[in-house]
Amino acid sequence: MIDKKKIDSILWGYDKKKITLATICSHSSLQIFHGARLEGIRTIGICRESVKPLYDAFPLAKPDEFIMLEDYSKISKIQGELVEKNAIIVPHGSFVEYTGEKLDDLPVPVFGNRRSLLWERDRVKMYDWMKRAGLRIPRVMMVDGIDAPSIVKFPGAKGGKGYLIVQDCDDFEKKVKAELKKGAIRQSDVDNAIVQEYIEGVRYYPHYFYSPISKKGYKAGAGTLEMLSMDKRIETNVDEIYRSLAVGLHPQPSFGVSGNLPIIARESLVPKLLEMGRKAVEASITLFGGIPGPFCIETICNEDFEFVAFEISARIVAGTNLYPLGSQYSAYIYGEPVSTGRRIAMEVKEAAKQKRLPEVMLQHKIHAWLTFYFPDNIRNQVARDLLSVDSLGIMTPVYLLLYPSRKPLLMVSEMEREKFRRFSRKCRIITYYSRKTIPSLLSKLARKTVAAEYNPDSPSSPFPASLKDFLTSKKARMVSSSPLVNLTLVPVTKKQFASHLRAVRKLSAIANSAFSLISNSLRRGKPITEKQVQNHVVSLYSKYGFVSDRPPIVAFGKNAANIHHEAGASRLKRGELVLIDLWARETSFDSIYADMTLMAFAGKKNEIPQKFAKAFASLVRSRNSGLENMQKQFKKNGKIISHLADSAVRRALRGYPDYPHGTGHNILHDVHGPGPGILQKQKKAFELAPGGLYSLEPGIYVKNSFGMRSEIDFYFDSKKGVRTTTECQKELKPLL
């Protein structure tokens with residue numbers, strides 16, 4: 001089997017906007033080509049010259065281009081052409097049968113997991129798979145132990161052709177010899193045949209689709225399972241053998257599939273079918289890494305309404321051809337009927353949009369990502385979020401190594417191994433007895449490129465100097481884990497985004513309440529202090545069910561020039577500026593912060609001094625310049641480079657002192673999230689992560705005079721670019 005690293009490196013070189021789907025023109029190719037066309041994906045038909053006219057008859061299911069190949073077993077001849085055309089092969093029954101083991105080592109990406117085809121091809125492995133899944137299966141017998149009517153199945157995807165019904169051992173010998181004599185089978189087929197108890201009942205062939213990236217459907221593994229449709233096969237001549245019996249003939253039953261009939265199960269049976277699919281998926285993940293994409297469990301429903309599974313087809317099956325305009329169950333998932341062919345195209349399209357961790361690591365030529373958490377002195381935020389260590393209560397160092405094409409490695413103290421039991425399915429766990437043994441465990445990183453929470457330009461980088469010295473002494477090359485953090489931690493879910501928007505609405509209401517408190521005090525001529533306003537905001541945090549790592553910043557007059565001013569006893573005077581910087585989130589850990597800074601003037605609008613009005617107008621202009629710059633970057637190449645946005649903001653503030661803090665930061669479970677912020681140019685150009693939330697907060701600070709800041713939040717939408725989520729204050733708010 002070809003090394004996954006090689007396929008990953010080939011796939012990394014593909015132009016994701018020009019992906020094509022390729023398959024042999026047979027079996028279910030009309031449906032595959034048609035489904036891809038509906039999703040706007042180009043297709044390649046691998047075809048014999050004699051077959052090509054068929055596709056002229058069905059123009060909407062005709063591939064966009066043909067690659068002619070008379071002998072499909074020579075598919076390696078066109079591998080270079082397929083890779084050049086950014087092709088992903090979609091295997092089907094005929095593809096598997098025609099190419100055989102050649103597909104195992106073909107250096108072209110295949111839709112799904114080609115190891116699943118190996119388990120389908122080997123019936124011993126297939127039965128092991130079904131047993132591990134806990135499916136009820138027919139009794140399998142040795143040739144010399146046949147004691148009941150049985151079906152003899154030969155290896156490969158032959159569509160039932162050549163299967164035999166035998167009554168006992170003698171009948172087996174007699175019929176096999178006859179088939180060998182005719183040349184219908186080979187001795188190798190006999191040697192690898194499976195003899196299976198014949199089960200009476202109705203045949204149900206449910207068509208499943210497992211997606212590791214979709215959230216729609218029946219929960220299975222880390223993804224979801226969809227049951228799209230179902231069929232029953234028309235097999236010659238067993239389906240109509242009664243006609244022969246009626247006229248006195250007694251033919252040998254044959255099981256070659258000549259067509260398919262649609263079938264629908266009674267609704268009370270659907271939960272059983274979904275559970276069968278889930279068990280098959282989860283067993284496949286354990287045995288050979290999963291079965292992403294379409295598959296079919298071939299079953300018999302007996303008189304007790306129990307399903308007996310006798311085979312698994314680990315790819316698209318011909319029965320799905322019954323539903324070119326959409327299968328019956330898919331409408332309940334997508335709001336419209338979707339064929340299996342189209343569902344494949346939808347998955348490829350979605351996967352092409354998503355950057356996966358192995359792809360990004362290969363792109364940056366990173367061999368391993370080392371992240372770490374030292375509870376006594378280095379509480380690395382990235383490791384904290386990746387491992388959810390806050391809920392574990394750990395007291396010893398933890399190291400996590402992630403690789404582009406291997407299972408992650410988790411190194412924990414032997415004393416705390418039990419706390420990490422839930423990671424055993426996702427990670428290889430090794431333990432250390434003493435911190436002195438850790439260097440030897442990390443020595444395999446010698447001469448490798450290692451990503452870590454390490455930034456050579458920042459003195460606040462959490463990476464410990466001793467660990468850096470050890471790795472560099474082993475000639476490891478250290479790079480920032482920033483692009484990997486962007487991929488894994490920064491993008492927010494719909495649920496998290498909704499929590500952020502709720503926080504924005506409530507914080508806005510809290511800010512307005514604080515300004516109203518100040519306005520009322522000014523009107524009554526009653527003194528009010530920064531601390532009183534701060535306490536008012538904190539009390540509203542409690543009322544709204546908010547948490548925050550620190551109290552809000554409330555600064556009056558000259559105090560606003562102190563960026564991290566601590567609210568005190570300073571009383572507000574008429575004619576002074578008021579700065580309120582507040583950030584909070586809902587109490588659940590999965591909720592996301594909102595962060596905003598608003599400015600007001602203690603007086604009437606016509607009393608605002610020109611220098612304040614001019615400065616705030618410049619501040620608004622600089623903030624908007626940052627938004628415009630990011631949107632231009634996105635429209636040009638779909639990316640936002642951090643330091644380019646920072647420069648645009650600072651250029652618009654020329655004439656005022658350069659503010660000493662970053663122009664913005666990532667927002668997540670912590671107000672300052674783990675992703676790169678909007679910072680001045682460093683040695684490496686950092687990208688903002690699509691799907692991430694950020695602040696934008698330029699400031700003007702004139703020592704011993706005044707200070708002001710305008711802070712807003714925005715979401716980096718992968719389709720639309722920058723979307724602000726907070727109010728963009730345009731002018732100073734008069735409090736009288």
Side-chain angles (χ1 to χ4, degrees), residues 93-94 96-98 100-101 118-131 135-205 232-261 296-303 307-313 317-319:
S94 297
V96 172
E97 181 66 18
Y98 295 153
E101 295 181 4
L118 185 151
W119 282 70
E120 173 189 331
R121 190 164 64 227
D122 186 327
R123 293 192 188 279
V124 173
K125 286 182 176 290
M126 183 193 294
Y127 285 115
D128 184 30
W129 177 6
M130 291 193 288
K131 286 178 184 176
L135 304 183
R136 182 175 175 181
I137 62 175
R139 186 163 54 101
V140 176
M141 291 169 271
M142 302 296 290
V143 171
D144 58 0
I146 301 173
D147 58 3
S150 304
I151 184 166
V152 181
K153 297 182 175 181
F154 300 106
K158 295 181 172 62
K161 187 176 180 181
Y163 290 0
L164 301 174
I165 294 290
V166 298
Q167 303 297 321
D168 51 35
C169 305
D170 292 338
D171 196 26
F172 175 87
E173 294 295 337
K174 176 183 172 183
K175 288 176 178 174
V176 164
K177 282 182 181 179
E179 293 298 305
L180 285 168
K181 188 174 181 180
K182 288 191 301 185
I185 58 174
R186 297 169 295 181
Q187 185 59 47
S188 60
D189 292 327
V190 179
D191 295 340
N192 292 290
I194 290 288
V195 181
Q196 193 181 75
E197 173 191 11
Y198 188 84
I199 303 294
E200 291 185 86
V202 181
R203 288 162 292 149
Y204 282 82
Y205 298 163
K232 174 181 177 179
R233 295 170 191 176
I234 306 171
E235 298 173 343
T236 57
N237 57 7
V238 70
D239 276 325
E240 300 205 13
I241 204 167
Y242 62 87
R243 291 176 178 268
S244 300
L245 296 173
V247 296
L249 299 175
H250 297 278
Q252 168 72 19
S254 62
F255 297 86
V257 178
S258 62
N260 306 79
L261 289 171
C296 174
I297 303 179
E298 301 172 16
T299 73
I300 298 288
C301 184
N302 64 22
E303 60 184 357
F307 288 97
V308 181
F310 58 89
E311 281 189 19
I312 299 181
S313 296
V317 291

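Quantities reported herein were computed from a predicted structural model and do not represent experimental measurements.
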Ile165 and Gln167 have their tightest heavy-atom pair at CG2-NE2, 4.1 Å

Indicate yes or no: does Asp147 engage Arg139 in a salt bridge with an N to O separation below 4.0 Å. yes

Note: Cys296 and Val317 closest approach over all heavy atoms is CB-CG1, 3.6 Å

Residues Ile300 and Gly201: closest non-hydrogen pair is CG2-CA, 3.5 Å

Which of Asp128, Ile312, Val124 passes side-chain contact (heavy atoms from CB on, under 4.5 Å) with Trp119? Answer is Asp128

TODO: Ignoring hydrogens and angles, tell me if any N or O in the side chain of Ser188 forms a donor-acceptor pair with the backbone of Arg186 under 3.5 Å.
DONE: no

The ring-ring contact (aromatic ring centres under 6.0 Å, His included) partners of Tyr98 (sequence neighbours excluded) come to Tyr72

Residues at least two apart in sequence or cross-chain that pass salt bridge (charged side-chain N to carboxylate O under 4.0 Å, His left out) with Lys131, listed by chain then number, are none

Sorted by chain and number, sequence neighbours left out, salt bridge (charged side-chain N to carboxylate O under 4.0 Å, His left out) with Lys182 holds for Glu179

- Item | Pairing of Asp170 and Lys174 as salt bridge, 4.0 angstrom limit | no

query: Does any non-hydrogen side-chain atom of Val308 lie less than 4.5 Å from one of Thr299?
result: no

Residues pairing under ring pair (Phe, Tyr, Trp, His ring centres under 6.0 Å) where one sits in residues 181-204, two or more places apart or in two chains, turn out to be Tyr204-Phe307

Discussion item. Taking the side chain as everything from C-beta on, heavy atoms only, tell me whether Met126 gets closer than 4.5 Å to Arg121.
Written reply: no

Distance col, row Ile297:CD1 vs Tyr205:OH, nearest 0.5 angstrom, shows 13.0 Å

Could you check whether Lys125 pairs with Glu120 (Lys NZ or Arg NE/NH1/NH2 to Asp/Glu carboxylate O, under 4.0 Å)? no

Residues at least two apart in sequence or cross-chain that pass side chain to side chain donor-acceptor pair (under 3.5 Å) with Glu200, listed by chain then number, are none

- Taking side chain as C-beta onward, heavy atoms only, is Ile137 less than 4.5 Å from Phe310? no

Exercise. Any side-chain donor-acceptor pair under 3.5 Å between Ser313 and Glu298?
Worked result: yes

Side-chain heavy-atom pair Asp168, Glu173 within 4.5 angstrom cut-off:
no

Between Val166 and Phe172 the two heavy atoms that sit nearest each other are CG1-CA, 3.7 Å

When every non-hydrogen atom of Arg233 is compared with those of Arg203, the smallest separation belongs to O-NH1, 2.9 Å

Student check: side-chain heavy atoms of Ile151 and Leu164 closer than 4.5 Å
no

Asp122 meets the salt bridge (charged side-chain N to carboxylate O under 4.0 Å, His left out) criterion, sequence neighbours left out, with none

Heavy atoms of Pro138 and Ala309 approach each other most closely as CD-O, 3.2 Å

Starting from the C-alpha separation in whole Å, work towards a yes-or-no answer on side chain to side chain contact (heavy atoms under 4.5 Å, CB included) for Val140 and Val195.
CA-CA 6 Å; Val140 176; Val195 181; 5.8 Å; no

